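Shown next, in structure tokens, is the structure this report addresses.
The structure displayed is predicted, hence computed values, not measured ones.
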Amino acid sequence: MFKFWRTPEFTDPEIGILKRAGKGMWYSMSKEGAPSITVEGSKDRPFQQSLDVARRLLREGNHITSVAEEFLTQDSQATEFLQSGGKLICDGFTVYEPQEIAVEFSLSDWPDAMITVLFKGGQPCEVQLAD
């Protein structure tokens with residue numbers, strides 16, 4: 001009856017359930033301890049290319065996470081940020097388009113710290129820090 005009030009969902013065989021939130025973004029309903037996945041899409045479903053990249057990240061994410069961590073150590077502000085918050089934890093990935101992704105981290109001793117490493121064309125290019 002009130003279907004228009006429900007948040008649209010999409011089920012992917014590898015990622016699981018994704019829910020639409022806001023314009024153009026779909027968020028995974030990840031299990032505790034699993035990385036979250038966010039992908040771009042239309043109002044009806046995530047874009048297929050974004051899903052393909054997200055699936056690959058879930059399977060092979062350790063490599064890109066390592067590259068992101070290495071990139072963080074070369075940024076002086078990020079290094080300072082890391083020194084005050086405990087262990088670095090990979091929270092998940094966002095696929096903005098097939099050639100632009102983000103690896104998202106938090107810190108074990110600083111619950112509201114957010115560290116994002118942006119990749120374009122497969123290469124890390126920017127670090128974003130937030131509190």
Distance (rounded to the nearest 0.5 Å) between [X] [atom1] and [Y] [atom2]:
X	Y	atom1	atom2	value
Gln74	Glu69	CD	CD	12.5 Å
Lys19	Glu9	NZ	CD	4.5 Å
Ser50	Ile37	OG	CD1	11.0 Å
Leu82	Lys87	CG	NZ	13.5 Å

Pairwise side-chain contact, [X] with [Y], heavy-atom cut-off 4.5 Å (strictly under):
X	Y	result
Val127	Phe81	no
Asp52	Arg55	yes
Ile17	Ser28	no
Leu57	Ile101	yes
Ile64	Phe93	yes
Val53	Leu51	no
Pro35	Leu58	yes
Lys43	Lys23	no

So does Glu126 have more than 12 non-hydrogen atoms from other groups sitting under 6.0 Å from CD?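 Atom CD in Glu126 is packed in, count exceeds 12.
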Would you say Asn62 has more than 12 foreign heavy atoms packed within less than 6.0 Å of its CG? no
Apply the test side-chain contact (heavy atoms from CB on, under 4.5 Å) to residues Val95 and Phe47: give CA-CA distance (whole Å), side-chain angles for both, the deciding distance (0.1 Å), then the verdict. CA-CA 10 Å; Val95 181; Phe47 294 142; over 6 Å; no
Any ion pair linking Asp44 and Arg20 (charged N to carboxylate O, less than 4.0 Å)? no
Specify whether Phe10 and Trp26 have parallel, tilted or perpendicular ring planes, treating 30° as the upper limit for parallel and 60° as the lower limit for perpendicular.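 Geometry flag for Trp26 against Phe10: perpendicular rings.
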Cys90 to Val103 - nearest heavy-atom pair and separation: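 It is SG-CG1, 4.0 Å.
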Could you pull out the closest heavy-atom pair between Phe119 and Pro124, with the gap in Å?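 Scanning both residues, the minimum pair turns out to be CD2-N, 3.4 Å.
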Apply side-chain contact (heavy atoms from CB on, under 4.5 Å) to residues Leu118 and Gln128 and explain how you reach the verdict. CA-CA 8 Å; Leu118 296 175; Gln128 296 175 345; 3.4 Å; yes
Can you hop from [X] to [Y] via hydrophobic side chains spaced under 4.5 Å?
X	Y	result
Phe71	Leu107	yes
Trp110	Leu88	yes
Leu129	Phe105	yes

Candidate pair Glu104 and Thr94, rule side chain to side chain donor-acceptor pair (under 3.5 Å), full reasoning: CA-CA 8 Å; Glu104 292 130 358; Thr94 298; 2.4 Å; yes
Test side-chain contact (heavy atoms from CB on, under 4.5 Å) applied to Leu72 and Thr79, step by step: CA-CA 7 Å; Leu72 283 172; Thr79 304; over 6 Å; no
